[in-house]
Amino acid sequence: MSATAPKRAPMPDDIRARKGGVPLVSLTAYTTPMAELMDGVCDFVLVGDSVGMVLHGLPSTLGVTMEMMILHGQAVARGLHSSMMVVDMPFGSYEQSRELAFANAARIMAETGAGAVKLEGGVEMADTIAFLVVRGIPVMAHIGLTPQSINTLGGYKVQGRGDAGEQLLADAQAVSDAGAFAVVLEKVPQNLADDITARIAIPTIGIGASAGCDGQILVVDDMLGLFTAFKAKFVKRYAHLGDDARAAVSAYADEVRARKFPAVEHVFGDAAPEAKS
Ligand code: KIV
């Protein structure tokens, strides 16, 4: 199995066609340099509304706006050529009506160049998903722990345990039937994630779900160890960049205070360098 993605950016149909195949690879990104690091390695990159918590210090994703999603979507788009970009629809931009959802999804697609949008919700959002899809907007669904609903879910708990598993299965079936090309399963028990994956026609993308999903996604700042305010059980840190950055900032501060930085190689003399002939 190789770590490379196709040369041209996949389209939603390419992602859908990967059902049951080599697992899909995805991370979030919010900036051009981070997108460049993932380009061609991830099959798709999500401009997640987690941007609000990760980059803007918000306490939840509820305060994220259309303008934030579009600005970060445009930044990520500049760094991607071989991976598809999906942009999250922020809280309040799609729930009220199918028409509002279309207007905002169309704006995101037009202003960022995204290949698809993602929205949270199962059975209750199926009509909206179908409305968008028949009008040319590919939709990735997101069920299980849906962070935009933390106030009604009662926090960031595992979803679908016990009898609630039936509802989650119905949600997965509904978004698949409505025309979503993939569905994120967040923080659901492994057996349930495997069951959903076996039963629905579209790829499941797990985050805190199961290695048996059709793909995986993580928040990039979590997996790089940059976001250290807390660590969810489902996060694996593949690097510890936050610790490295803290050490670098301290080393810089010490050297500035000791007049060790800038050193001779960082400063300029009076004479211009001799021209090379
Ligand atoms: O906003 C986000 O980062 C997400 C992923 C966690 C799936 O929705």
Side-chain angles (χ1 to χ4, degrees), residues 15 18-20 23-28 46 48-50 52-54 58-62 64 86 88-92 94-95 118-129 139-223 227-238:
I15 300 292
R18 295 273 298 273
K19 175 78 188 171
L24 290 153
V25 177
S26 176
L27 289 169
T28 64
L46 172 70
D49 62 352
S50 50
M53 298 172 78
V54 172
L58 293 175
S60 74
T61 57
L62 299 182
V64 174
V86 180
D88 256 343
M89 299 197 69
F91 179 62
Y94 61 94
E95 302 89 334
K118 176 167 81 59
L119 57 81
E120 297 183 4
V123 170
E124 74 283 11
M125 291 311 301
D127 273 358
T128 299
I129 293 172
V139 177
M140 177 175 286
H142 182 159
I143 63 171
L145 175 65
T146 45
Q148 293 175 10
S149 303
I150 42 153
N151 290 314
T152 44
L153 293 177
Y156 295 94
K157 299 176 201 157
V158 176
Q159 300 295 307
R161 281 190 166 137
D163 291 347
E166 281 304 313
Q167 179 58 49
L168 217 49
L169 196 50
D171 286 333
Q173 198 62 65
V175 299
S176 173
D177 292 348
F181 68 92
V183 57
V184 171
L185 301 182
E186 181 165 353
K187 221 168 171 183
V188 302
Q190 185 178 6
N191 289 347
L192 178 62
D194 289 344
D195 196 21
I196 291 173
T197 301
R199 293 214 213 175
I200 66 171
I202 56 173
T204 54
I205 311 297
I207 173 164
S210 167
C213 288
D214 298 300
Q216 302 294 327
I217 187 165
L218 282 176
V219 169
V220 67
D221 291 60
D222 286 342
M223 61 86 75
F227 184 76
T228 52
F230 62 88
K231 186 182 103 50
K233 175 180 162 78
F234 59 75
V235 170
K236 176 171 176 182
R237 286 190 178 142
Y238 286 82

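No experiment lies behind these values; they were computed from the predicted model shown.
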Closest heavy-atom contact between [X] and [Y]?
{"X": "Ala201", "Y": "Ser176", "answer": "N-OG, 3.8 Å"}
{"X": "Pro59", "Y": "Tyr156", "answer": "O-OH, 4.3 Å"}
{"X": "Gln216", "Y": "Gly206", "answer": "OE1-O, 3.1 Å"}
{"X": "Ala126", "Y": "Ala174", "answer": "CB-O, 4.0 Å"}
{"X": "Phe234", "Y": "Gly208", "answer": "CB-CA, 3.3 Å"}
{"X": "Phe181", "Y": "Pro203", "answer": "O-CD, 3.2 Å"}

Donor-acceptor contact below 3.5 Å, side chain [X] vs main chain [Y]:
{"X": "Glu166", "Y": "Asp163", "answer": "no"}
{"X": "Glu124", "Y": "Gly122", "answer": "yes"}
{"X": "Thr28", "Y": "Val220", "answer": "yes"}
{"X": "Asp214", "Y": "Pro23", "answer": "no"}

From [atom1] ([X]) to [atom2] ([Y]), nearest 0.5 Å:
{"X": "Ile143", "Y": "Gln167", "atom1": "CD1", "atom2": "CD", "result": "9.5 Å"}
{"X": "Ile205", "Y": "Leu185", "atom1": "CD1", "atom2": "CG", "result": "8.5 Å"}
{"X": "Ile129", "Y": "Asp177", "atom1": "CD1", "atom2": "CG", "result": "10.5 Å"}
{"X": "Thr146", "Y": "Asp171", "atom1": "OG1", "atom2": "CG", "result": "9.0 Å"}
{"X": "Leu153", "Y": "Leu145", "atom1": "CG", "atom2": "CG", "result": "6.5 Å"}
{"X": "Leu24", "Y": "Thr204", "atom1": "CG", "atom2": "OG1", "result": "9.0 Å"}

Close side-chain approach of [X] and [Y], heavy atoms under 4.5 Å:
{"X": "Ile200", "Y": "Lys19", "value": "yes"}
{"X": "Ile217", "Y": "Glu186", "value": "no"}
{"X": "Val219", "Y": "Met53", "value": "no"}
{"X": "Thr197", "Y": "Ser210", "value": "no"}
{"X": "Leu62", "Y": "Asn151", "value": "yes"}

Applying side-chain contact (heavy atoms from CB on, under 4.5 Å) to Val139 and Met125, what does each step give before you reach the verdict?
CA-CA 11 Å; Val139 177; Met125 291 311 301; over 6 Å; no
Derivation and outcome, side-chain contact (heavy atoms from CB on, under 4.5 Å), residues Phe91 and Tyr94:
CA-CA 7 Å; Phe91 179 62; Tyr94 61 94; over 6 Å; no
Is there a side-chain contact (heavy atoms from CB on, under 4.5 Å) between Val184 and Met140 once you walk through the steps?
CA-CA 7 Å; Val184 171; Met140 177 175 286; 4.0 Å; yes
Walk me through whether Val188 and Ile196 qualify under side-chain contact (heavy atoms from CB on, under 4.5 Å).
CA-CA 10 Å; Val188 302; Ile196 291 173; 5.6 Å; no
Checking side-chain hydrogen bond (donor to acceptor under 3.5 Å, both in side chains) between Asp88 and each of His142, Gln148, Lys118, which is the one that passes?
Lys118
Go through the steps for Asp194 and Gln190 under the test side chain to side chain donor-acceptor pair (under 3.5 Å), then give the verdict.
CA-CA 6 Å; Asp194 289 344; Gln190 185 178 6; 4.6 Å; no
